K.L.:
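Let me begin by handing over the structure; questions about it come next.
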Amino acid sequence: MNVMKADTQSPQILKDFMAYLYTIKGKSEKTAQEYYLDLRMFFRYIKQQRGLADDVPFDEIPIADVDIELIRSITLSDAYSFLMYTAQDRLKHQNSDHSEIGLMSSSRARKVSALRSFF
């Protein structure tokens, strides 16, 4: 995904944040892309935990409907819960039959950075 191109699968607030990261904060396109992926995962997690994703597989949960009201309802406990999920439940390599559970601490640290920047 080119950071500057509109993504029809993303809510406007996330598109605006990506533009801010790239143009105002001067983050590289690669960094902005990784933050996008981290935030997409976070919003999918929130929707799943709140029963807003029906029976959709995690990696297919749409986030285009994430709005400011949902974002305002997110708590620090939600963020901690998400980080526990990435440490204990998330597969390291989603497309592999031989993946371990739990993302590396460096991956989790970037997720914390993405969340802090966004919120």
Side-chain angles (χ1 to χ4, degrees):
M1 176 186 96
N2 182 325
V3 173
M4 301 313 294
K5 289 184 181 176
D7 178 3
T8 60
Q9 304 299 313
S10 296
Q12 187 62 46
I13 195 163
L14 186 52
K15 292 175 194 175
D16 293 345
F17 177 69
M18 300 313 299
Y20 163 78
L21 275 181
Y22 188 70
T23 59
I24 306 300
K25 294 295 282 183
K27 300 287 185 185
S28 72
E29 189 167 341
K30 175 75 172 150
T31 297
Q33 172 66 17
E34 293 300 320
Y35 276 33
Y36 166 79
L37 295 174
D38 294 338
L39 290 167
R40 182 181 68 182
M41 181 190 295
F42 178 68
F43 291 136
R44 285 175 171 168
Y45 175 81
I46 293 296
K47 287 185 68 175
Q48 183 182 61
Q49 293 302 303
R50 295 192 180 177
L52 303 173
D54 299 319
D55 292 326
V56 178
F58 186 87
D59 289 330
E60 296 175 19
I61 296 172
I63 62 164
D65 60 342
V66 169
D67 60 12
I68 193 68
E69 295 306 316
L70 178 66
I71 291 169
R72 283 185 180 143
S73 74
I74 294 171
T75 66
L76 186 56
S77 293
D78 292 325
Y80 289 154
S81 178
F82 170 69
L83 293 171
M84 288 293 288
Y85 163 75
T86 63
Q88 296 178 349
D89 299 326
R90 185 74 176 164
L91 293 174
K92 285 184 184 176
H93 306 285
Q94 292 298 306
N95 298 321
S96 172
D97 293 334
H98 307 289
S99 185
E100 299 172 19
I101 302 292
L103 298 180
M104 295 183 331
S105 61
S106 59
S107 295
R108 292 192 314 269
R110 191 193 62 241
K111 287 170 182 23
V112 168
S113 183
L115 290 172
R116 284 180 131 178
S117 294
F118 184 78
F119 286 96

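Values below: every heavy atom of this structure, side chains too, minus hydrogens, waters and symmetry copies. These figures come from a predicted structure and were not determined experimentally.
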K.L.:
What is the minimum heavy-atom distance between Ile63 and Leu14, and which atoms define it?
P.N.:
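Smallest heavy-atom distance, with atoms named: CD1-CD2, 3.9 Å.
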K.L.:
For the CD atom of Gln9 and the NZ atom of Lys15, what is their distance to the nearest 0.5 Å?
P.N.:
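Separation between the atoms: 9.0 Å.
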K.L.:
Find the distance between CZ (Phe43) and CG (Leu52) and round it off to the nearest 0.5 Å.
P.N.:
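Between atom CZ of Phe43 and atom CG of Leu52 there are 13.0 Å.
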K.L.:
Just do the side chain to side chain contact (heavy atoms under 4.5 Å, CB included) check on Leu21 and Thr31 with the steps written out, would you?
P.N.:
CA-CA 9 Å; Leu21 275 181; Thr31 297; over 6 Å; no
K.L.:
Verify side-chain hydrogen bond (donor to acceptor under 3.5 Å, both in side chains) between Tyr35 and Ser113, making sure each step is shown before the conclusion.
P.N.:
CA-CA 8 Å; Tyr35 276 33; Ser113 183; 2.5 Å; yes
K.L.:
With side chain to side chain contact (heavy atoms under 4.5 Å, CB included) as the test, would you mind laying out the steps for Phe82 and Met41 before giving the verdict?
P.N.:
CA-CA 9 Å; Phe82 170 69; Met41 181 190 295; 3.7 Å; yes
K.L.:
How close do Lys47 and Leu70 get, heavy atom to heavy atom, and via which atoms?
P.N.:
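Heavy atoms only, the tightest pair is CG-CD2, 4.4 Å.
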K.L.:
When you measure from the side chain of Asp67 to the backbone of Glu69, do you find a donor-acceptor pair of N or O atoms at a distance under 3.5 Å?
P.N.:
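At least one qualifying donor-acceptor pair exists.
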K.L.:
Is the Phe118 ring parallel, tilted or perpendicular to the Phe17 ring (thresholds 30°, 60°)?
P.N.:
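Because their plane-to-plane angle is over 60°, the rings of Phe118 and Phe17 count as perpendicular.
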K.L.:
Pick out which of Arg110, Lys111, Arg40 makes a salt bridge (charged side-chain N to carboxylate O under 4.0 Å, His left out) with Glu34.
P.N.:
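For Glu34, the salt bridge (charged side-chain N to carboxylate O under 4.0 Å, His left out) test succeeds with only one of Arg110, Lys111, Arg40, which is Arg110.
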K.L.:
Run the side-chain hydrogen bond (donor to acceptor under 3.5 Å, both in side chains) check on Tyr45 and Thr86 step by step: do they pass?
P.N.:
CA-CA 10 Å; Tyr45 175 81; Thr86 63; over 6 Å; no
K.L.:
Looking only at side-chain N and O atoms, does Ser117 offer a donor or acceptor that is under 3.5 Å from a partner on Tyr20?
P.N.:
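Distance-only check fails for Tyr20 and Ser117.
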K.L.:
Would Asp38 and Leu115 count as a side chain to side chain contact (heavy atoms under 4.5 Å, CB included) here? Give the steps.
P.N.:
CA-CA 8 Å; Asp38 294 338; Leu115 290 172; over 6 Å; no
K.L.:
Starting from Ile68, can I reach Met18 by hopping between I/L/V/M/F/W/Y residues whose side chains sit under 4.5 Å apart?
P.N.:
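Cluster IDs for Met18 and Ile68 match.
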K.L.:
Between the side chain of Arg44 and the main-chain N/O of Asp59, is any donor-acceptor distance below 3.5 Å?
P.N.:
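Answer holds: yes.
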K.L.:
Could you state whether Tyr36 and Ile24 fall into the same hydrophobic cluster, counting links through intermediate Ile, Leu, Val, Met, Phe, Trp or Tyr residues with side-chain heavy atoms under 4.5 angstrom apart?
P.N.:
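Yes, same cluster.
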K.L.:
Please determine whether the number of non-hydrogen atoms from other residues, nucleotides or ligands lying under 6.0 Å from atom CZ of Phe119 exceeds 12.
P.N.:
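Count over threshold, so yes.
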K.L.:
What distance separates Asp55 CG from Gln48 CD, expressed to the nearest 0.5 Å?
P.N.:
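One gets 10.0 Å once the value is rounded to the nearest 0.5 Å.
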K.L.:
Do Thr75 and Asp78 meet the criterion of a side-chain donor-acceptor pair at a distance under 3.5 Å?
P.N.:
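Asp78 and Thr75 do have a side-chain donor-acceptor pair below 3.5 Å.
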K.L.:
Taking all non-hydrogen atoms of both residues, which atom of Phe42 and which atom of Ala79 are closest, and how far apart?
P.N.:
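Heavy atoms of Phe42 and Ala79 come nearest at CE1-CA, 4.1 Å.
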K.L.:
Please determine whether residues Leu39 and Met84 belong to a single hydrophobic cluster, defined as Ile, Leu, Val, Met, Phe, Trp and Tyr linked transitively by side-chain heavy-atom distances below 4.5 Å.
P.N.:
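Not linked; separate clusters.
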K.L.:
Would you kindly confirm whether Val66 and Val56 end up in one hydrophobic cluster when ILVMFWY residues are joined by side chain heavy atoms under 4.5 Å apart?
P.N.:
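Hydrophobic grouping puts Val66 with Val56.
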